[in-house]
Structures are given as C-alpha cells and as structure tokens.
Amino acid sequence: MRKNINKIVGLTLCIGMLTGCAHTPESSLVKPKGSKAEDAYTEAEGVDMVKEDSSENTKDKNTAVRTTIRDLLNAPETYKSQTTDDSAKLVVNTDATVEIPDVEKISAISVTPAEVTQDLLDRITDAFFSEAKLYTSDSYYTQTKDEIKKTLDELKEDVANGNLDPYNYGTDEDGNYIYDIYGEIEMYEQEYESAPETKTLVEGRPVAGSHETENGTAENDFSGVAQMPDRSEYFYKTSSYGSDTLSVKIRKTAKSGGEKLPADTIWSEYTSFSEGEKPTEESIGISLDEAKKMVQEKVDKMGITDLQFSDWSYALCKSLEEDNSLSNLGSGYAIYYTRTINGVPITQTMADGGALEDMDSTMETWSYESLYFFVDKDGIESMSYSNPYTIGETKTENLNLLPFSEIMKTYEKMMVVTNADNMEYEKSRVYDIDRIVLGYARIYEPSTDPHTGLLVPVWDFFGSRKVEGDYDGNSYSDITDYPSWSFLTINAVDGSIIDRDLGY
C-alpha cells in the first residue's frame, strides 16, 4: 500500500510550529529570563493570619492559622472576564477554574540534566523487554536482494505506466517532481549489488556513553526492534542529540500474533476536531484506572520514583490511507507524568521546550523533562521519556509572587498583544479559556548556559481557540482545543511572558 507519508508528518509537525513561530512581543512586560532574572526573585515577608473567635474564653488574636498561596495572592476559585481588541475580531472569553497548589510557599530551584547512566538504560530496557529478543535496527531492517528487487520492479512498472510520482509528493515551484523516481531506481540498483541473500539478525541493547557510528560520534545511541514472546514487536530508540540530553522512544510496530502496523501509525490526544467519535471506556475496552495501573507498574520497574501521574486525556491511533484520508486504527488514553517539588507540580503542557529562535541559530538548547504513555486494551502502545532532571539548590526559599489581580491584567493585555499580527489576515479569533493553572516551569538562558535552568512558578492558560479566515479565496474555520496546549505563560514572580517552546 502506497501512502503520502509527508501529509501525516505535516499534521503532527504543524501543531508544534503554530506555537513556536510567535516571538515574545516587545513591551514593558518583557523582562530578563533565566539567571538574569534571579535578582527579582526576592523572599516574601512572613504573613500571619489571625483566627477570630467571638468566645471570650477562646479568643486569642495571636493564634496563627495556615496561610496558603491562594490566600496570599487573593486568588478566587474561579475567574470570569471578556477581552477584545480594538477591531473586536479578537475575543478572549475567560470562564475558568483557578488551580493553585495547596501550599504555603513556592521556591525558585536550580535544575540541571541528570546523568545518563548504564543503570538507567538497563532499568528501562528490562522494564519493557526482559523477555524479548532485542535486535539492532541495522540488522533487522537490512533489505535482502529479493526485497530490493520487488521494490525495483514496482518503480520500473510505475515508469513504464507513466506514473512518475507514485507517492504523491507533488511538484516544486518550477513544476518539477519532488520525488526523483529515476534517482531512486539508481540507488536501489546500487544497493542490490551489495545486498545479502538473507538477513543476519544481531542482538543488542542500549549502552551509555559515546559510540562511533557511520555519521560520527553519538551519545547513548541505540536503535533496535524487540520481538516479544507473543510475536508483537516494538521499535526502541535511545539517543542524546540536539536539545535532548536523553530521549527514549518505544513504539509498537506489530500486534500480538505478528500482524504489522502501518509504518505511519501515530497516536495523538483526542480533540473536538479529531475525525471519529470521542472515545469512551467502553469503546477503548479498558478502564482509565486499569490503564493507569498498567503504566504505573512500568514506571516502577523503570525505577523512576521522582515523577508522578499528573494528567490524562483520550487518545486516537491514526494512519494515512491511499486517498490521503486518516483512518482510525483504535482509541486509548494518553497518560502523563510530571515532577512535584514541595507540593508544587511542574505544569504539563504539550510544548517540548528547547526550540530555536530562528532556523539559522547555532545555539545549544535543552528541552523539558517529559514522560508520557499511550495505552489501549492491548497494553502500552507507545512511551516517551526525555531529559530527566537533577534537582539542585533552592535559590529563593519563599518567593514573593505578584497578586492574582495583577497577573490577570497582564494576561488580558498580552492575549491581545501576542495575537495582534494574526488579526491582520484573519476574520476572527475567539479564545475560550477554562483553566488557569499555577505551577512550575523550567526556564534557562541557552546563550550563556544551555544546561542550567531554574524552576519558577508560572501561570498557564488552557482552553480552546477558534479561527476563521480566507485562504486562496476559500473560507476556513479551525478549532484548537488540545488539553495540554497553554495559550499564554506568565512568570508569577515578575509578570514577564515565557515562550513555552523556547523555554525562556
């Protein structure tokens, strides 16, 4: 079956690109980030609340009661407002719960990448594949002469039939085919000469440290295929590259019994614009509690004790059909883990962090710590674990935070400012914000120290966005309501705007 892989890849990439393209606006609200901002992180003065009691025998104005962050910030349980720009094309409706950790103080804490040890890689490998045969990708995916000949025969048949674009890649701006079928045929003919008659599978597993590869030195690099006793298969990759100090990816590639899944199979959160009906426990075939228990057992086996379950959403498994439509291969749950420090969690968002300000940048960057799973009735279908942290010293024990009312003024102003450019070519843009969350985010200064960060409290704003506009003479409407997409992030200490994709 031939498929246009580019389309499904583009669908997943565009999600990240939409949030990563906007630059932090120039305004008085843009303040120093990372270590340069630490001077603003001052200790809050102690506040005592006095418990009033009308009884003459028990009245004691010196009786102190617990004062939480919500009390100190004078923050309500819910918040409601509406903001528009001058054109009224932008509308920000806020009818949100205000989620604040039940703590008395929040600290600023230093954080660095955790060391990638052999013990960590072994624990992850054994948690998933202790009973599997684990082969290197190079040996598993090596094509035999018969396999290459089959591909060559198909391509040559396409040429004979005048089909020079069998994968529907299209043409460039000059009208030339993007896919070079003649070059592809030449490449396969060269590979055929040195291809083996049969495969020789080589067993392997991740090894910590530097390794020499065909493309140079790689850190903690392994790519393999695990064959399970029930004949299901998983792709397994570890690496330390680019913005990832460690990246571990596990993805099921064959079902129990050996039936192969499409190569472009992808899991994603369910949203209102997803094709197909919203999943339910009944349609998934496993309860959320059962899925969470299954995941927790793996987390325990991996020995990851410093991250805890934080959130979940319904999820869909998709693949691309020959007509470029998305087929629904099943449904399940996305289950997320994050770190909680002194009762304050790191807020879960869909941003990876570690993005570059522009494509020409040579800056070294660092993505966020992340652990999440996709689970269905057949078990764990996919797992991603990235950039584990080492928690360092507390820089400021009890941070002085801005009042909730001041944060809301900043929010309402900056939702207009950050969307101003979009309103030049859109008919309308409507936000419906239903969650306001106070939690930790990691910020850093990659230009001076790409591997030292600071956990600081931030406010994130979640909900949905509906855009209407025209493109090439056609009207369009787009709804975005990913549960973990934060539309704005405000530093709770100084009110500056943090770009979640950049990490500062």
Side-chain angles (χ1 to χ4, degrees), residues 1-20 128 137 141 167-169 223-226 232-239 242 244 247-256 259-279 283-286 291 294-295 298 311-337 348-352 355 367-368 370-386 478-485 501:
M1 182 180 292
R2 302 250 175 114
K3 301 181 181 182
N4 186 350
I5 305 299
N6 281 0
K7 181 174 181 180
I8 197 165
V9 172
L11 287 172
T12 58
L13 289 179
C14 71
I15 296 168
M17 290 171 65
L18 286 172
T19 55
F128 285 87
S137 290
Y141 290 114
Y167 301 109
N168 300 317
Y169 284 178
S223 178
V225 175
S232 61
E233 294 184 358
Y234 291 82
F235 177 73
Y236 179 31
K237 182 171 178 60
T238 66
S239 64
D244 289 323
S247 172
V248 180
K249 305 289 185 184
I250 295 174
R251 176 175 56 86
K252 184 181 284 186
T253 55
K255 298 180 180 180
S256 174
E259 179 188 352
K260 299 286 186 182
L261 292 168
D264 55 15
T265 297
I266 186 169
W267 280 89
S268 62
E269 289 182 326
Y270 173 84
T271 71
S272 63
F273 58 86
S274 298
E275 296 181 10
E277 295 184 1
K278 183 177 181 178
S283 66
I284 294 170
I286 181 176
M294 189 186 305
V295 167
K298 288 296 184 187
D311 206 355
W312 71 278
S313 69
Y314 289 115
L316 294 177
C317 184
K318 298 287 187 179
S319 178
L320 201 64
E321 296 290 356
E322 288 183 342
D323 62 358
N324 289 339
S325 65
L326 289 172
S327 65
N328 188 356
L329 300 181
S331 59
Y333 305 98
I335 296 179
Y336 299 96
Y337 277 60
Q348 165 66 40
T349 76
M350 67 187 300
D352 292 329
S367 291
Y368 302 130
S370 173
L371 175 62
Y372 60 89
F373 301 78
F374 288 101
V375 184
D376 66 7
K377 67 180 186 302
D378 296 323
I380 294 175
E381 300 291 324
S382 175
M383 187 278 281
S384 175
Y385 178 48
S386 303
D478 173 68
I479 297 176
T480 299
D481 59 355
Y482 283 95
S484 55
W485 188 337
D501 292 287

_If you define the side chain from C-beta out and look only at heavy atoms, does anything of S386 sit under 4.5 Å from K249?_
yes

*Using the test side chain to side chain donor-acceptor pair (under 3.5 Å), find all partners of T253 that sit at least two apart in sequence or belong to another chain.*
none

*Side-chain contact, heavy-atom cut-off 4.5 Å: S232 with D378?*
no

*How long is the gap from NZ on K377 to OG on S283, to the nearest 0.5 Å?*
10.0 Å

*With sequence neighbours left out, what residues match P483 under side-chain contact (heavy atoms from CB on, under 4.5 Å)?*
E269, S313

*Please name all residues satisfying salt bridge (Lys or Arg N to Asp or Glu O under 4.0 Å) with K237, sequence neighbours left out, ordered by chain then number.*
D221

*For T271, all residues meeting side-chain contact (heavy atoms from CB on, under 4.5 Å), sequence neighbours excluded*: F273, S274, D481, Y482

*Classify the ring geometry between F373 and F128 as parallel (under 30°), tilted (30 to 60°) or perpendicular (over 60°).*
parallel

_Interatomic distance, S382 atom OG to Y234 atom OH [nearest 0.5 angstrom]_ = 10.0 Å

*Using side-chain contact (heavy atoms from CB on, under 4.5 Å) as the criterion, list what pairs up with K255, not counting sequence neighbours.*
E259, L261

*L316 and P279: which non-hydrogen atoms are nearest, and at how many Å?*
CD2-CG, 3.7 Å

*Going from OG on S223 to OH on Y141, what distance comes out if it is rounded to the nearest 0.5 angstrom?*
7.5 Å

*Indicate the ring-plane relationship of W267 and F374, choosing parallel, tilted or perpendicular according to the 30° and 60° boundaries.*
parallel

_Counting C-beta onward and ignoring hydrogens, is there a side-chain heavy-atom pair between T265 and K318 closer than 4.5 Å?_
no

*Rounded to the nearest 0.5 Å, how far apart are OH of Y336 and OG of S384?*
10.5 Å

*asked:* Is there a side-chain contact between S137 and Y236 in this structure, where contact means two heavy atoms from C-beta onward sitting under 4.5 Å apart?
replied: no

_Distance check, rounded to the nearest 0.5 Å: W485 atom CH2 versus T349 atom OG1?_
11.5 Å

*Who passes side chain to side chain donor-acceptor pair (under 3.5 Å) against Y270, sequence neighbours left out?*
none

*Mind checking the CG-CD1 spacing from L329 to I266? Nearest 0.5 Å is all I need.*
11.5 Å

*asked:* Less than 4.5 Å apart, side chain to side chain, heavy atoms only: is that true for Y333 and Y314?
replied: yes

*For K298 and I380, work out which heavy atoms get closest and say how close.*
CG-CD1, 3.3 Å

*How close do D376 and I284 get, heavy atom to heavy atom, and via which atoms?*
CA-CG2, 4.5 Å

